[in-house]
Amino acid sequence: MSGLLPVEEAQARLLALRSPISSEKVSFSECVGRYTSDNIFAQRDQPAAPVSAMDGYAIRFDELPGPWTVVGESAAGTAPGRTVNPGEAMRIFTGAIVPSGADTVIVQEDVAVDGAALTLTRDGPGTRGRHIRARASDFAASECLLPAGTRLTPGAIAAAAMSGVDQLAVGRRPRVAILTTGDELVQAGRALTASQIPDSNSPMISAMLASEPAEVSLPHHVRDDRPLLAKVLKDLARRHDVIVTVGGASVGDHDHVRGALQDAGGQIDFWKIAMRPGKPLIAGRIADAVLLGLPGNPSSAFVTATLFLLPLVRHLAGARNPHPAIHQAPLATALDGGGARRDYLRARLENGRLTPLHSQDSGMTLPLAAANALLIREIDAPRRAAGDVADYIVTA
Ligand code: AMP
Ligand code: MG
């Protein structure tokens, strides 16, 4: 189908609309899920000296199988008081510095102790250096631990803390406005007439952004009224980095997002993508804000938010790899061939196998509750048999 932008090209153009916002220094309590602005280098060796990995006795490997005389102890938090000389062993605990002279640790389960006399009762360590963590074996001073644009998971925060800092420069969280459009929409939970429906897209999109580094304001709503929409867009653009509209993106008489964007002084960068669902996606700029116009059908909004909104937010927040990862798994059932647009089939990944959900109607919401993956079917893809490997994105 001509005139439709391939997904990857559209994603690249969307991210090119604005560079990452800016950086700020934050403490660990505020940085989970955010992206490092700079390379994080270790300020120190970890560990700073050889330490024991077990509770036991520090000895010289060449003196195995002993016996030894126990001279003092080395516990975590204090330096060992002396050297281990020939014939000697030192009591040692996990995390304690290995005294000079010793090169191996025997675990306490392998020995018998009688006063200061230490004897081996089992095989003992088979190699020199056993149960010792060498200096800098975790990381060395000046080593790059986290490259710029790394997502700060709890594990990454642990590495940063161990590196010797207590604050990190991270990308500022983009301010995101969600704007629903449509005369038929009513806030979820309110009374409805037969011609009205609850707004399911704003709670869904808010939930999708909840684990992302974004400052999401309370959702806004406008009727299908182009001048009003233009006014609201202009106003939201003053206070947000991203405006994500939902609905009104297509060609119907009541689809006003493109027209209103232009009326408000904004520019459209692209419209219409070679994907299903989600073809009428709009991207543009209004003042400094990026406008992303998602189609209103719940599955279309979900798929386009996954492929465009989340990467945009991550990119603005400083991510190096903002796009959802693509994985491979075998199909549990046969799959019909693809069409003129790339399909993102709502699917279930169970026991390592992918099953597209029975209904792929983009107007449905219930399949979204069942789906935990988007199964990707390329343009004009041939029919696939059960067991063939397919690409997918994890969504839940
Ligand atoms: P539109 O993109 O405005 O043409 O809307 C396409 C379909 O999605 C219509 O059936 C709308 O009623 C529905 N829709 C639009 N916005 C929402 C929303 N926020 N929540 C649930 N359904 C919506
Ligand atoms: Mg509409």
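Whatever order the structure lists ligands and atoms in, that order sets their numbers, starting from 1.
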For atom 4 (O) of ligand 1, what is the closest protein heavy atom, and at what distance to 0.1 Å?
Asp255 OD1, 3.7 Å
Atoms of ligand 1 less than 4.0 Å from Gly247 heavy atoms?
1 (P), 2 (O), 3 (O)
Does Ser200 come within less than 4.0 Å of ligand 1, judged by its heavy atoms?
yes
Between Arg175 and Asp241, is there a salt bridge with N-O shorter than 4.0 Å?
yes
Nearest non-hydrogen protein atom, atom 12 (O) of ligand 1:
Glu184 OE2, 2.5 Å
Does any part of the side chain of Thr119, heavy atoms only, come nearer than 4.5 Å to the side chain of Val111, both counted from C-beta?
no
Enumerated ligand 1 atoms positioned under 4.0 Å from heavy atoms of Leu185:
16 (N), 17 (C), 18 (C), 19 (N), 20 (N), 23 (C)
Please report whether ligand 1 has a polar contact with Asp199, defined as an N or O pair separated by less than 3.5 Å (distance criterion only).
yes
Carboxylate-amine/guanidinium proximity below 4.0 Å for Asp62 and Arg128:
yes
Check step by step if side chain to side chain contact (heavy atoms under 4.5 Å, CB included) holds for Tyr35 and Arg151.
CA-CA 5 Å; Tyr35 296 91; Arg151 184 166 188 269; 3.5 Å; yes
Would you find more than 12 non-hydrogen atoms of other residues, nucleotides or ligands less than 6.0 Å from Met162 atom CE?
no
Do any nitrogen or oxygen atoms of Gly296 lie less than 3.5 angstrom from nitrogen or oxygen atoms of ligand 1?
yes
Geometry only, no angles: is Asn201 polar-contacting ligand 1 at N/O separations under 3.5 Å?
yes
Heavy atom of the protein closest to atom 7 (C) of ligand 1 (residue, atom name, distance):
Asn297 OD1, 3.3 Å
Atom 22 (N) of ligand 1: which protein heavy atom is closest, and how many Å away?
Ile197 CD1, 3.5 Å
Among the heavy atoms of Gly252, does any lie under 4.0 Å from an atom of ligand 1?
no
Residue from Thr245, Leu281, Val176, Ile243 passing side-chain contact (heavy atoms from CB on, under 4.5 Å) with Leu292:
Leu281
Would a distance-only check, ignoring hydrogens and angles, find a side-chain to backbone donor-acceptor pair under 3.5 Å from Arg18 to Leu316?
no
Is the shortest distance from a Lys or Arg side-chain nitrogen in Glu30 or Arg173 to a carboxylate oxygen in the other one below 4.0 Å?
no
Checking a contact table here: which protein heavy atom is nearest atom 1 (P) of ligand 1, and how many Å away?
Gly248 N, 3.6 Å
